[in-house]
Amino acid sequence: MDRLHRDLGRLADEVGAFNAHRLVRVHNNVWRLMWWQFLRGLAFGLGTVVGATALVSVVALILGQIEFIPIIGEIARAIIEEINGP
């Protein structure tokens with residue numbers, strides 16, 4: 001019986017530590033959760049745009065080096081001219 005009380009006390013301590021965790025505290029308040037998700041969405045969107053921009057520019061530069069293949073070279077040249085502007 002003593003072991004049961006000790007284990008129950010340890011379980012209560014763990015549940016208390018879990019409830020004090022930052023993630024649980026954020027999810028306990030609806031407005032804080034909405035704010036957190038909004039910031040998360042902004043960061044995800046910004047990361048997507050920056051990553052896509054970097055990837056497209058690297059692909060365009062690589063394709064620009066392949067001018068000996070007629071179709072790909074023309075497409076790459078058009079992409080590079082579009083990126084550089086007039």
Side-chain angles (χ1 to χ4, degrees):
M1 201 63 163
D2 186 42
R3 182 173 181 245
L4 179 64
H5 287 283
R6 185 180 63 233
D7 289 345
L8 194 56
R10 287 176 41 202
L11 181 62
D13 291 341
E14 289 297 323
V15 169
F18 178 74
N19 284 334
H21 194 271
R22 181 175 173 264
L23 182 66
V24 174
R25 285 185 291 141
V26 166
H27 282 81
N28 282 339
N29 185 335
V30 173
W31 294 108
R32 198 176 331 171
L33 177 63
M34 288 174 40
W35 176 248
W36 175 255
Q37 292 296 332
F38 174 73
L39 292 176
R40 183 176 171 258
L42 282 177
F44 182 79
L46 179 65
T48 301
V49 169
V50 169
T53 302
L55 182 65
V56 167
S57 64
V58 167
V59 168
L61 288 174
I62 290 172
L63 288 177
Q65 303 300 318
I66 307 175
E67 292 184 11
F68 60 87
I69 301 174
I71 296 173
I72 296 177
E74 293 171 12
I75 293 172
R77 190 176 311 113
I79 291 172
I80 291 172
E81 288 175 3
E82 187 69 31
I83 290 173
N84 291 335

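In what follows, every heavy atom counts, from backbone to side chain, and hydrogens, waters and symmetry copies are set aside.
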Gap separating the CG atom of Leu4 from the CG atom of Leu11, nearest 0.5 angstrom:
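Rounded to the nearest 0.5 Å, the CG-CG separation comes to 10.5 Å.
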same_hphob_cluster(Met34, Leu39) at 4.5 Å side-chain heavy-atom cutoff:
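No, because Met34 and Leu39 fall into different hydrophobic clusters, even though each may have its own neighbours under 4.5 Å.
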Could you list the residues that satisfy salt bridge (Lys or Arg N to Asp or Glu O under 4.0 Å) with Arg10, not counting sequence neighbours?
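By the salt bridge (Lys or Arg N to Asp or Glu O under 4.0 Å) rule, Arg10 matches Asp7.
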Checking side chain to side chain contact (heavy atoms under 4.5 Å, CB included) against Thr53, which of Val56, Val49, Val50 comes through?
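Option passing the side chain to side chain contact (heavy atoms under 4.5 Å, CB included) with Thr53: Val49.
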